[in-house]
Amino acid sequence: MVRAKKVAKALVLFGLVALSALQPQGGLWAADDYPRTAKYIFLFIGDGMGIPQRAAASAYTGKPLTVDTFPAQGVTTTAAADRFITDSAAAGTAMASGTKSRIGYLGVDPNLRPVKTLAEMAKEQGKKVGIVSSVSIDHATPAAFYAHVPSRSMYHEIGMALVKSDFDFFGGGGFKDPDGKKSKAPQGNVLEAARSAGYTLVDNKRDFMALKNSPGLKVIAINPWLQDSAAMPYEIDRRSEDISLAEFTEKAVELLDNPQGFFLMVEGGKIDWACHANDGVAAIRDTLALDEAVRVAFHFYEKHPQETLIVVTGDHECGGLTLGFAGTKYETEFNMLKHQKVSFQKFSDEVLKQFRQECGADCDFEKIKPVITANFGLKFTGDPQSDPLVLKPYQEAMLREAFERSMAAERIKADDPETYLLYGDYDPLTVTLTHVLNNNAGLGWTSFQHTGAPVTTSAVGVGAELFNGYYDNTDLAKKTMSVMGLTPQVVYMAEAA
Ligand SMILES: [Zn+2]
C-alpha cells in the first residue's frame, strides 16, 4: 500500500521516476556479518570531486594519483531524495548515515528524523573521532558527521552541535556564525562554548605543530588565514605559514592514535568551490592536496595493514568538467595550466583589486594585458597555431568585453540567462580567463553548479573489496558500518531530551 502510494507519487514527476530507476539497489554490497573489522577508519571526501576532477589532476602531474593505485575502485551514484543533482548536505548525510535525505538537510532523514552518523557510532565504540575540512568546519560536509539540523545554513546551531559532539579533533577552516548573528536563537559564542567544554583552540602553525597526543585532549585547530567564507586558502594560494590539508591529517592521526582506534573524516572542500567558478587549475591543485592527505593515511595503513580501512570518494561532480573541448578537438596541452599562478579568488580579490586602485579612472585593456600574462601565462602576440598560450582573436575579444564589465564593477546575477551562461555569478574577467586557459588546454565546463554524474570511490585495507562495484552513496555508509563491526543500517537517534 505504502509502496503503491510511493510509486503513484513518483509517476507525477518524471524526474523522480528517472531518479529511482537510476539508483542501484542498496544493501547488496554491504555485509551483515562481515568477518573482519578495522580499528582505524579514514574517510576522505573530495567535495565536487568526480571522475573528471581526478583525471584532470592526474593528467596535470602526468602520473596516477595515490587513490588511483588503490585495489578497490567503485562507482557511486549521488542523487538526493528530492533532486537528481544533489548538494553537499544531502550527499554528506547519505555518506555519514546511510539515509537518503533532502537538499539542505543535515543528519536527518527526509522526515527530519535525526540519524546516527558513522562518526557518532565510532565514538560510541570508544574510538576517537576527527573531522578535518579545508572549508569552514561548520560547512555541510563536515557538519553531516556531527549535526542534525533541517538546514545547512544554520551555522550557529551547527557550531554548537560541534562543541556538543565531544569529538576529539576538528581541523581546517573556521566558523561562519560563531556569535549567532544569523541565528533565531543565539546560544552565545561557539569558541567560548568550546573552551568551556574543554577544547584546546589553536589558530597558528607553531602552536599547531607543537600539539602532542595526551589523555583527554580535545582540539579545534583553525588555519591562520581564512581566505573566503571562513575557509582555508586554495592550495595554489597557500603560504608557508598556512597549514596544509596533509599536515592537518598528519596531526589528526598523531593525536587520535590510541588502542581503541579512530575514525577520521577529511574533506577537500574547495575542489567544489573552484569547480563552481570553473577554475580548473585551482580545482586540480586542491585535488592534489587531498591526494597528499590520502598519502599520509596510506603511510599509516602501511604500518597497520590488518587494522586500517581507507575510503576516498566524492560527494558529487561539480562544474560538468570534462577532458576535451570543441575548440581544441582531439588536442590537449595540460602543461600550459602550470602558467596559472593564483586562484580565481585571489586574482579577483587581490590582483584585480590592486590593478583597479592603481589605474584609477583610466583602466584600459592594454594595461591589464601584462597582468594577465603574469598570472595566467596567456599571450596577446604570437601564433595561436603553434602556441596554445597565444589567444585567438575571438578569445581576446571575449576578454576585452569581460574586462569592460569587470571594470564597471558589474557582478552578473542570474536574471539575464545569456550573461549567466558566460560568467555565472563570478567576476566577468576572472571567469573568462579561466575558461580560455582551460579550453586551450583541452578542459571543458558545462555548468557553474553540481552535476548528476556518478563519482569514483576508491578503497584500500580491511574490507576494501566491499567498495568495488556500482552502488549508491547511502551504501557507502553501510559498507563502512560493516567494516566497523556494525549492522549496516540506518540508525535513528533517540529523541532529544
Ligand atoms: Zn558545491
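Remember, predicted model here, so these are calculated numbers, not experimental data. For ligands, and for the atoms within them, numbers begin at 1 and follow the listed sequence.
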What's the verdict on ring pair (Phe, Tyr, Trp, His ring centres under 6.0 Å) for H139 and W273, showing C-alpha distance, side-chain angles and the deciding distance? CA-CA 12 Å; H139 218 259; W273 296 10; 5.4 Å; yes

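The minimum heavy-atom distance between P233 and R238, with the atom names listed, is CG-CA, 4.3 Å.
The atom of D272 that is an N, O or S and sits closest to the Zn ion (ligand 1) is OD2.
Among the atoms of C318, none of the N, O or S atoms falls under 2.8 Å from the Zn ion (ligand 1). For a distance bound of 2.8 Å, the N, O or S atoms of H450 include one lying that close to the Zn ion (ligand 1).
Screening F262, F70, F263 for a ring pair (Phe, Tyr, Trp, His ring centres under 6.0 Å) involving F42 leaves a single residue, F262. Exactly one residue among Y146, F175, F248 makes a ring pair (Phe, Tyr, Trp, His ring centres under 6.0 Å) with F170. That residue is Y146.
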